[in-house]
Amino acid sequence: MKYVAIFMVVLVIAAAGLGAYTYANARLQVVSVELKTAAGGERVQEFTALQTAVDRGALNGTAFTESVPGTAADYSFFTYTFRLRNGGLIDAEMVEIQHIPANGDVLAYATSDASQVNANTIVSAGGERDVWSVVLTSAQNQTDRQVSRSFKITYYIWGIPMSVTAKYN
């Protein structure tokens, strides 16, 4: 009986250690943030679709203004690529990027793949994944690479909401 009791104590200590390790590493890390810019004139169809969506109140993203006046040439698309790493033992689910607007930003939307398709984004345990955020901003920001941008990345681990902040520049 004594050996069973010792075995159970060792088992409880090992389980507690595994639980502490899992909790301590249940965080996403932002490994890198990269930016690609495109003039609005290069993405006229996308601009028109976004302009219409904002006018109808049907944007799948966040509008920072009530309308998008002007033409595509008046705007620029900033596409931010975030490399996220999950060092924990549990998948990070429902990863979402929230853009904190800078001066001149009109709207933002997040995507989970380069073809701009929204889906439930999961960063698997011990893995890495790229996610994207697209910001439509005024054309004057096209050449201003010094614009600092902040993003809040929210996610769930074991149903518990968590977040991390990422910055560009």
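For the single chain, residues carry numbers from 1 onward in sequence order.
The number of heavy-atom neighbours closer than 6.0 Å to OH of Tyr156, taken from other residues, nucleotides and ligands shown, is 12 or below. More than 12 heavy atoms of other shown residues, nucleotides or ligands fall within 6.0 angstrom of atom CE in Met162.
In summary, of the residues considered (Leu35, Asn169, Asp105), a side-chain contact (heavy atoms from CB on, under 4.5 Å) with Arg149 occurs for Asp105 alone. When the options Thr121, Leu84, Thr81, Val123 are evaluated for a side-chain contact (heavy atoms from CB on, under 4.5 Å) with Asp130, the one that passes is Thr81.
Using cut-offs of 30° and 60° on the angle between ring planes, the pair Phe151 and His99 is tilted. Relative orientation of the Phe78 and Tyr80 rings is perpendicular, given thresholds of 30° and 60° on the angle between their planes.
Rounded to the nearest 0.5 angstrom, Asp55 CG and Ser67 OG are separated by 6.5 Å. Considering NZ of Lys36 and CH2 of Trp132, their distance stands at 9.0 Å, rounded to 0.5 Å. Atoms CD1 and CD, on Ile153 and Gln29 in that order, are 11.5 Å from each other to the nearest 0.5 Å. Distance check: Arg83 CZ to Arg85 CZ gives 9.0 Å after rounding to the nearest 0.5 Å.
Contact detail for Thr71 and Phe47: the closest heavy-atom pair is C-CE2, 3.6 Å. The shortest non-hydrogen separation linking Ile97 to Ser133 is CG2-CB, 3.9 Å. The shortest non-hydrogen separation linking Ala166 to Val33 is CB-CG2, 4.4 Å. Taking each heavy atom of Ser148 and Ala102 in turn, the nearest pair found is O-CB, 4.2 Å. Taking both residues in full, the closest heavy atoms of Ser76 and Ala139 are given as OG-CA, 3.6 Å, listed atom of the first, atom of the second, then distance.
Between the side chain of Arg129 and the backbone N or O of Ile122, at least one donor-acceptor pair lies under 3.5 Å. A donor-acceptor pair under 3.5 Å links the side-chain atoms of Asp91 to the main chain of Ala125, judged by distance alone. Side-chain atoms of Gln51 come within 3.5 Å of backbone atoms of Val68 as a donor-acceptor pair (strictly under, hydrogens ignored).
Criterion: ILVMFWY side-chain heavy atoms under 4.5 Å apart, direct or through other members. Under it, Met8 and Tyr3 are not part of a common hydrophobic cluster. Residue Trp158 is grouped with residue Val164 when hydrophobic side chains (ILVMFWY) are merged at heavy-atom distances under 4.5 angstrom, including chains of intermediate members. Phe64 is not connected to Leu136 by any chain of hydrophobic side-chain contacts under 4.5 Å among Ile, Leu, Val, Met, Phe, Trp and Tyr, and they are in different clusters. Tracing side-chain contacts under 4.5 Å through hydrophobic residues (I, L, V, M, F, W, Y), one never reaches Leu107 starting from Ile100; they form parts of separate clusters. Transitive grouping of hydrophobic side chains (ILVMFWY, heavy atoms separated by less than 4.5 Å) brings Val135 and Tyr168 into a common cluster.
For the pair Phe77/Leu50, a side-chain contact is recorded, criterion being any heavy-atom separation below 4.5 Å from C-beta on. At least one side-chain heavy atom of Tyr155 sits less than 4.5 Å from a side-chain heavy atom of Arg27.
Under a 4.5 Å side-chain heavy-atom cut-off, the cluster of Ile, Leu, Val, Met, Phe, Trp and Tyr residues that includes Ile13 is completed by Val9.
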